[in-house]
Amino acid sequence: MKVVEDSLYILITAVAVAVLLIILAAVFPWRDAKAVVEGVLRDIEYMAEFAKGL
């Protein structure tokens, strides 16, 4: 039963994230989306460098 509950939680989370991404895509203009993605990728690179330094 634990596997079914975990799968259900993962499914609910995936649906919630998909809905939030759709709302985010509707709110942000497409030209700004590129800047947002580049900023996120830059932050991920900074976090990876920080983790390497630990």
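Here, residue 1 is the first one in the sequence, and each next residue gets the next number. Nothing here was measured: the structure is a model prediction, and the numbers come from that model.
Residue Val19 is tested with Val17, Leu21, Ile22, Ile23 for a side chain to side chain contact (heavy atoms under 4.5 Å, CB included); the sole match is Ile23.
The distance from the CD atom of Glu45 to the CZ atom of Arg42 is 8.5 Å, given to the nearest 0.5 Å. To the nearest 0.5 angstrom, Leu11 atom CG is 12.5 Å from Asp6 atom CG. Within the model, atoms CG of Leu41 and CD of Glu38 stand 8.0 Å from one another, a figure rounded to the nearest 0.5 Å.
The hydrophobic clustering, which links ILVMFWY residues whose side-chain heavy atoms are closer than 4.5 Å, places Val27 and Leu20 apart.
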